[in-house]
Amino acid sequence: MDLRQLSCFVAVAEELHFGRAAARLRMTQPPLSRQIQLLEQDLQVQLFERSSRSVTLTAAGARLLRDARHLLDLAARTMQTARRTADGEAGELTLGFTAVAAYRLVPSLLMRARQALPEVGIRLREMVSADLGRLLLAGELDVVLARHLPPHQHLRTHLIEREPMILALPAGSPLGRYDAVPLSALHQQPLILYSPNEGRYFHDRVVGALGLADVQPHYVQQAGQTHTLVAMVRAGLGYGLVPDSARELRLEGVEYRPLARQTLHADLYLAWRSRHDNPAVAAFLTHVAGITPKLSQD
């Protein structure tokens with residue numbers, strides 16, 4: 001018994017006429033009759049009662065019709081899934097990202113993926129940028145969102161977002177009078193800084209910008225993650241320079257102000273391996289991220 005025989009059987013069973021079934025299958029009647037005879041021989045049962053005037057199903061034929069429809073439907077869906085998987089429209093993809101990316105960008109990408117690639121399952125893994133690059137190269141991650149990755153010949157990167165750094169301040173603090181805060185206003189002010197280890201990217205950005213502006217704040221505490229830093233701001237320990245997406249935390253008692261000169265920003269890169277065996281990666285890059293897999297910015 002094969003799928004061709006089942007297709008012939010279902011056509012005859014639904015039409016109850018060999019001539020109409022043959023026309024439906026775009027074949028002549030003798031080969032169709034032969035397929036039904038072979039199927040009955042393989043099963044060792046009679047599937048149809050035939051007369052010069054009519055064709056009817058036997059009890060065995062009626063039962064086989066129900067199962068044959070399910071088998072043919074399953075076979076069609078299996079072939080379609082295989083083709084969609086080869087095209088990257090089905091399957092699985094592992095996305096690694098930094099904590100801050102989860103505030104705004106990751107949810108946005110997931111919503112786009114749900115619409116564009118509904119049959120691709122996306123597994124999420126949150127970690128620091130250093131681990132993202134290592135696990136991406138090791139093949140444990142398919143695509144990552146990271147602030148910075150060291151250049152590597154087997155990695156491709158694309159700048160997907162550039163967001164301004166803003167000032168987080170306790171509600172009612174003196175610097176709240178500014179519509180846009182100049183960096184000079186932070187001179188000798190209590191400032192919570194990102195850790196040079198867990199938050200190295202933001203640490204270097206903030207320290208570098210303040211150094212160029214000849215501003216020397218009073219560093220009162222360090223934090224590895226943005227949500228921890230903002231929580232310290234809410235407690236009144238000091239101010240904090242954070243990416244604009246920190247607004248999504250919506251912590252009560254914390255206000256945000258843009259900087260007077262928008263020269264301090266945070267970049268977020270999408271990265272993937274130049275050689276991979278997961279078709280869903282190319283589909284994700286094209287249909288969700290809006291870039292072509294060959295596009296890179298190293």
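In this text the structure is predicted, and so the values were computed from the model without any measurement. Any value given below was found using the heavy atoms of this structure, including those in side chains, with hydrogens, waters and symmetry copies removed.
Here the OG1-CZ distance, from Thr226 to Phe202, works out to 5.0 Å after rounding to the nearest 0.5 Å. Here the CD-CD distance, from Gln188 to Gln216, works out to 6.5 Å after rounding to the nearest 0.5 Å. With rounding to the nearest 0.5 angstrom, the CD atom of Glu198 is 11.0 Å from the NE2 atom of His203. Atoms CG and CG, on Leu167 and Leu191 in that order, are 8.0 Å from each other to the nearest 0.5 Å. One finds the CZ atom of Phe48 at 5.0 Å from the CD1 atom of Ile36 (value rounded to the nearest 0.5 Å). Here the straight-line distance linking atom OG1 of Thr94 with atom CG of Leu135 works out to 10.5 Å at 0.5 Å rounding.
Between Arg69 and Leu65, the closest side-chain pair of non-hydrogen atoms falls below 4.5 Å. Between Thr58 and Val45 there is no side-chain heavy-atom pair separated by less than 4.5 Å. Taking 4.5 Å as the limit, every side-chain heavy atom of Trp272 sits out of range of all side-chain heavy atoms of Leu141. By the 4.5 Å heavy-atom criterion applied to side chains, Glu163 and His265 are not counted as neighbours. Counting heavy atoms from C-beta outward, Ile122 and Phe284 have side chains that approach closer than 4.5 Å. Side-chain contact between Glu126 and Thr98 is absent, with no heavy atoms from C-beta onward closer than 4.5 Å. The shortest side-chain heavy-atom distance between Leu212 and Thr263 does not fall under the 4.5 Å cut-off. Pro107 places none of its side-chain heavy atoms less than 4.5 Å from the side chain of Glu248.
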Problem set entry | Stepwise side chain to side chain contact (heavy atoms under 4.5 Å, CB included) test for Leu117 and Leu93 | CA-CA 11 Å; Leu117 302 172; Leu93 179 145; over 6 Å; no

Exercise. Between Leu285 and His158, is a side chain to side chain contact (heavy atoms under 4.5 Å, CB included) present by the stated rule, with each step listed?
Worked result: CA-CA 10 Å; Leu285 295 174; His158 176 75; over 6 Å; no

For this session: Start with the C-alpha distance between Asn197 and Gln222, add both sets of side-chain angles, then the distance that settles side chain to side chain contact (heavy atoms under 4.5 Å, CB included), and finish with yes or no.
Result: CA-CA 10 Å; Asn197 297 318; Gln222 293 184 352; over 6 Å; no

Exercise. Is there a side chain to side chain contact (heavy atoms under 4.5 Å, CB included) between Leu64 and Leu57 once you walk through the steps?
Worked result: CA-CA 10 Å; Leu64 179 61; Leu57 282 166; over 6 Å; no

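Ser108 places no side-chain N or O within 3.5 Å of a backbone atom of Arg104 that could act as its donor or acceptor partner. The backbone N or O of Ser274 sits nowhere less than 3.5 Å from a side-chain atom of Arg156 that would complete a donor-acceptor pair. One N or O on the side chain of Arg177 and one on the backbone of Pro174 form a donor-acceptor pair closer than 3.5 Å. Of the possible donor and acceptor atoms, none in the side chain of Arg275 sits under 3.5 Å from a partner among the backbone N and O of His154. When atom types are taken as modelled, the side chain of Arg273 and the backbone of Leu136 share a donor-acceptor pair closer than 3.5 angstrom. A donor-acceptor contact shorter than 3.5 Å links the side chain of Arg147 to the backbone of Asp267.
When every heavy atom of Gly61 is checked against every heavy atom of Phe9, the shortest pair comes out as O-CZ, 3.2 Å. When all heavy atoms are compared, the tightest approach of Glu92 to Ala280 is O-CB, 4.0 Å. Considering every non-hydrogen atom in both Ala260 and Ala180, the closest pair reads CA-CB, 3.8 Å. Minimum interatomic distance between Arg257 and Ile166 (heavy atoms only, all atoms of both residues): O-CB, 3.4 Å. Cys8 approaches Leu25 most closely through the heavy-atom pair CA-CD1, 3.8 Å. The nearest pair of heavy atoms linking Leu47 to Glu40 is N-OE2, 2.9 Å.
Ionic pairing of Glu14 and Arg24 is present here: one or more N-O contacts between side-chain nitrogen and carboxylate oxygen are shorter than 4.0 angstrom. Arg200 has a carboxylate O that lies under 4.0 Å from a charged side-chain N of Asp204, or vice versa, which qualifies the two as a salt bridge. Of the charged side-chain nitrogens involved, none lies within less than 4.0 Å of a carboxylate oxygen, so that Asp142 and Arg123 do not count as a salt-bridged pair.
By the rule that hydrophobic residues join a cluster once side-chain heavy atoms approach within less than 4.5 Å of another member, Leu210 and Val220 end up as members of one cluster. Follow the hydrophobic side-chain contacts under 4.5 Å out from Val120 and you reach Val288 in the same cluster. One hydrophobic cluster holds both Tyr219 and Met232 under the rule that ILVMFWY side chains link at heavy-atom gaps under 4.5 Å. Note: the hydrophobic cluster containing Val181 also contains Leu237 (ILVMFWY, side chain heavy atoms under 4.5 Å, direct or indirect links). A continuous path of Ile, Leu, Val, Met, Phe, Trp and Tyr side chains, each step under 4.5 Å between heavy atoms, connects Val55 with Leu43, placing both in one hydrophobic cluster.
Ring-centre distance between Tyr201 and Tyr194: not below the 6.0 Å cut-off.
Other residues, nucleotides and ligands contribute only 12 or fewer heavy atoms inside 6.0 Å of the CG atom of Asp214. Residue Arg50 places its CZ atom among more than 12 non-hydrogen atoms of other residues, nucleotides or ligands, all under 6.0 Å distant. Heavy atoms from other residues, nucleotides or ligands lying under 6.0 Å from CG of Asp2 number more than 12. Counting non-hydrogen atoms of other residues, nucleotides and ligands closer than 6.0 Å to CZ of Arg20 gives a total above 12. Within a 6.0 Å radius of CG in Leu251, other residues, nucleotides and ligands contribute more than 12 heavy atoms.
The aromatic rings of His227 and Tyr103 sit perpendicular, their planes meeting at an angle over 60°, well past the 30° parallel limit.
Of the candidates Val242, Asp244, Val233, Leu169, Tyr256 forms a side chain to side chain contact (heavy atoms under 4.5 Å, CB included) with just one, namely Val242. Exactly one residue among Leu105, Thr157, Val143, Leu159 makes a side chain to side chain contact (heavy atoms under 4.5 Å, CB included) with Leu270. That residue is Val143.
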